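Working notes, structure below.
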Amino acid sequence: MSSKQKTVAVHAGSRLSGSKAVPVSPPIYPAAVNWFDSSDDLDAALDGKDYAYARISAPNTTLLEEAVAALEGAEECVAYASGMAALRSVFEAQGFRAGDRLVMPADGYGVTRALYKNLCATLGVELHALLMTDPAVPGRIRELKPRMVLAESISNPLLRVPDLRVLAKACRDVGATFVVDGTFPSPVGQCALALGADYAVQSTSKWLNGHSDALGGTVSASRERMAPLRAARVLAGDVLGPFEAWLTLRGLRTLPVRMKAHVEHAAHVARRLAESPLLERVIYPGLPSHPDHATAHALLLGGGPMVAFEIKGAGRPESMRFLEALKVGRPGPSLGDVCTLVMHAASASARRFTPEERAAAGIQENLIRVSVGLEDPDDIADDLLAAVAEGVRR
């Protein structure tokens, strides 16, 4: 089969072995338990060689894993009930001991920060939160010699774009495991494994699903790295359910086409917003004004599907009025839908940061994050600008 992403997205994860019949749309297999005429076959299935019990493996999950692995350019993928479960599984696979170090973004997703803070505190692991686009970070990685480094392809919510190639080399120099959360660009917008990551993580609830109707997460890597994660999932039981796997695979079929449109719309909306005198700044990696524009141009599909901006002179009350004034965009704490989703960063993605952590990351009360949808891009821009005007009206 072709390795081109549009073809891979449509056809990967289409058939289960053992049958000559291939349905165009794979059916949903809701059975949690299967039985066998042969005890030998049952015994083999309990080792994962067939489908005996859904906590061990299940057909819809398998098909989704095959499709995501193909898009990520990975040997294997393991799917989880949520993106947070996927991030936790990667952490637990590293065998952290007291005194080990972990490096992660200071300006990344607040829930990831909260999760890793708790896990590190329990094990006595040192957590170092750094701005991953700081030129000094590769040197800090070599100095700290961490067991694991986590980066985000595009940081949440400030849309900074680290050079994964540089970070990957620093990790290799000290033997650190390099994990990349590539949720914002999706595998279509960036293949983190090809840029040096050891693991690529996705919250499939976002762009892969594309319709806000199924939670999920995946980890993709080499077969050797994935084996302990798959074994641990059998014990932990955080497997993705059949309906969620089916919905996500259905969404994945159109991922390359959708992402192309999302990115084109985001670029158009960012240019329109940049003309407004009511905004302090517009943050979009595709704009020449973005501090990581050159890196984004080299490593991303266009400038990505996300836009952020700061409303001039606004605090939380003005930002809340802005959200309430939206007519096309929907105020919602997620991203990746066909409709435009808009959120106030300090109260949503950075909600679990302390005030000091938000200040260190540069997340202010006037920061708005937009997941640009498939509506007409001028309708999206007009709506955002009208809501901004309403929000700052005295």
Side-chain angles (χ1 to χ4, degrees), residues 82-84 87 104-118 127 129 131-132 150 152-160 181 183-184 203 205-207 209 212 215 217 266 269-270 273 276 278-285 304-337 339-373 380-381 383-394:
S82 69
M84 297 311 300
L87 285 164
M104 69 178 301
D107 56 346
Y109 184 36
V111 181
T112 305
R113 179 84 165 267
L115 171 67
Y116 280 9
K117 279 173 66 175
N118 289 341
L127 189 152
L131 297 173
M132 305 303 283
L150 172 70
E152 294 176 350
S153 293
I154 304 174
S155 72
N156 181 8
L158 284 162
L159 311 186
R160 297 301 303 269
D181 184 336
T183 296
F184 269 29
S203 172
S205 318
K206 313 304 192 296
W207 301 110
N209 169 264
S212 298
L215 290 175
V269 168
L273 294 177
S276 173
L278 297 179
L279 299 181
E280 190 73 37
R281 63 171 175 154
V282 175
I283 306 168
Y284 182 63
M306 306 290 295
V307 175
F309 57 86
E310 294 171 334
I311 303 173
K312 187 176 293 185
R316 185 167 292 205
E318 292 79 11
S319 296
M320 294 300 111
R321 285 203 297 270
F322 157 79
L323 291 178
E324 292 171 352
L326 291 167
K327 304 298 183 186
V328 176
R330 302 299 187 220
S334 190
L335 60 123
D337 199 284
C339 76
T340 295
L341 294 174
V342 187
M343 54 150 256
H344 175 246
S347 64
S349 67
R351 188 180 188 91
R352 288 172 175 78
F353 276 9
T354 65
E356 295 76 20
E357 288 169 345
R358 280 198 296 272
I363 299 169
Q364 304 181 69
E365 290 289 346
N366 64 344
L367 178 63
I368 304 297
R369 191 196 75 187
V370 183
S371 169
V372 180
I380 299 170
D383 182 48
L384 293 171
L385 292 168
V388 167
E390 181 66 27
V392 299
R393 185 176 297 164
R394 295 291 184 261

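Just so you know, these numbers come straight off a predicted model, no measurement behind them. Values reported hereafter were calculated over all heavy atoms of this structure, with side chains retained and with hydrogens, waters and symmetry mates removed.
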*asked:* For the backbone of Gly313 and the side chain of Glu318, can you confirm whether one donor and one acceptor N or O come within less than 3.5 Å of each other?
replied: no

*Give a yes or no answer on whether the side chain of Arg330 reaches the backbone of Lys327 with a donor-acceptor pair at less than 3.5 Å.*
yes

*Spatial distance of atom OG (Ser334) from atom CG (Leu341) [nearest 0.5 Å]*: 6.5 Å

*Atom CZ of Phe309 and atom CG of Leu385: how far apart are they, to the nearest 0.5 Å?*
8.0 Å

*Please name all residues satisfying ring pair (Phe, Tyr, Trp, His ring centres under 6.0 Å) with Phe184, sequence neighbours left out, ordered by chain then number.*
none

*Counting N and O atoms only, with roles assigned by atom type, does the side chain of Ser371 sit under 3.5 Å from a partner on the main chain of Gly336, one being a donor and the other an acceptor?*
yes

_side chain to side chain contact (heavy atoms under 4.5 Å, CB included) assessment of Leu367 paired with Glu310_ = CA-CA 4 Å; Leu367 178 63; Glu310 294 171 334; 4.0 Å; yes

_Euclidean distance, Leu326 CG relative to Ile380 CD1, rounded to 0.5 Å_ = 11.5 Å

*At their closest point, which heavy atom of Leu279 faces which heavy atom of Leu273, and how far apart are they?*
CD1-O, 3.6 Å

*What's the spacing between Met104 CE and Thr112 OG1 if we round to 0.5 Å?*
5.5 Å

*Is the number of heavy atoms from other residues, nucleotides or ligands under 6.0 Å of Arg351 CZ greater than 12?*
no

*Closest non-hydrogen atom pair between Val269 and Ala381, with its separation*: CG2-N, 4.3 Å

*Of the non-hydrogen atoms in Ala308 and Leu159, which two are nearest, and what is the gap between them?*
N-CD1, 3.5 Å

*Between Val392 and Lys312, is a side chain to side chain contact (heavy atoms under 4.5 Å, CB included) present by the stated rule, with each step listed?*
CA-CA 8 Å; Val392 299; Lys312 187 176 293 185; over 6 Å; no

_Between CH2 on residue Trp207 and CG on residue Leu335, distance to nearest 0.5 Å_ = 6.0 Å

*Short side-chain to backbone donor-acceptor contact, Arg369 and Pro333, under 3.5 Å*: no

_Treating Arg160 as the side-chain partner and Ser155 as the backbone partner, does any N or O pair qualify as donor plus acceptor under 3.5 Å?_
no

*If you measure from CG on Leu384 to OG1 on Thr340, what distance do you get to the nearest 0.5 Å?*
7.0 Å

_Can you confirm whether His344 sits close enough to Arg316 that some side-chain heavy atom of one is under 4.5 Å from a side-chain heavy atom of the other?_
yes

*Step by step, would you call Glu390 with Arg393 a salt bridge (charged side-chain N to carboxylate O under 4.0 Å, His left out)?*
CA-CA 5 Å; Glu390 181 66 27; Arg393 185 176 297 164; 2.9 Å; yes

_Verdict with supporting geometry, Met306 and Ile154, side chain to side chain contact (heavy atoms under 4.5 Å, CB included)_ = CA-CA 9 Å; Met306 306 290 295; Ile154 304 174; 5.7 Å; no

*Is the shortest heavy-atom distance from the side chain of Leu215 to the side chain of Ser205 under 4.5 Å?*
yes

_Using only atom types and a distance under 3.5 Å, with no angle test, would you say the side chain of Tyr116 pairs donor to acceptor with the backbone of Leu87?_
yes

*Answer yes or no: is there a side-chain heavy-atom contact under 4.5 Å between Glu365 and Ser319?*
no

*For Pro157 and Ala345, work out which heavy atoms get closest and say how close.*
CG-CB, 3.6 Å

*So do the side chains of Ile363 and Phe353 get within less than 4.5 Å of each other, counting heavy atoms only?*
yes

*Could you tell me which non-hydrogen atom of Val388 sits nearest to which non-hydrogen atom of Phe322, and how far apart they are?*
N-CD1, 3.4 Å

*Heavy-atom pair with the smallest gap, counting every atom of Ile283 and Leu158*: CG2-O, 3.2 Å

*asked:* Would the distance check show the side chain of Thr183 and the main-chain N or O of Ser203 forming a donor-acceptor pair, the cut-off being under 3.5 Å?
replied: yes

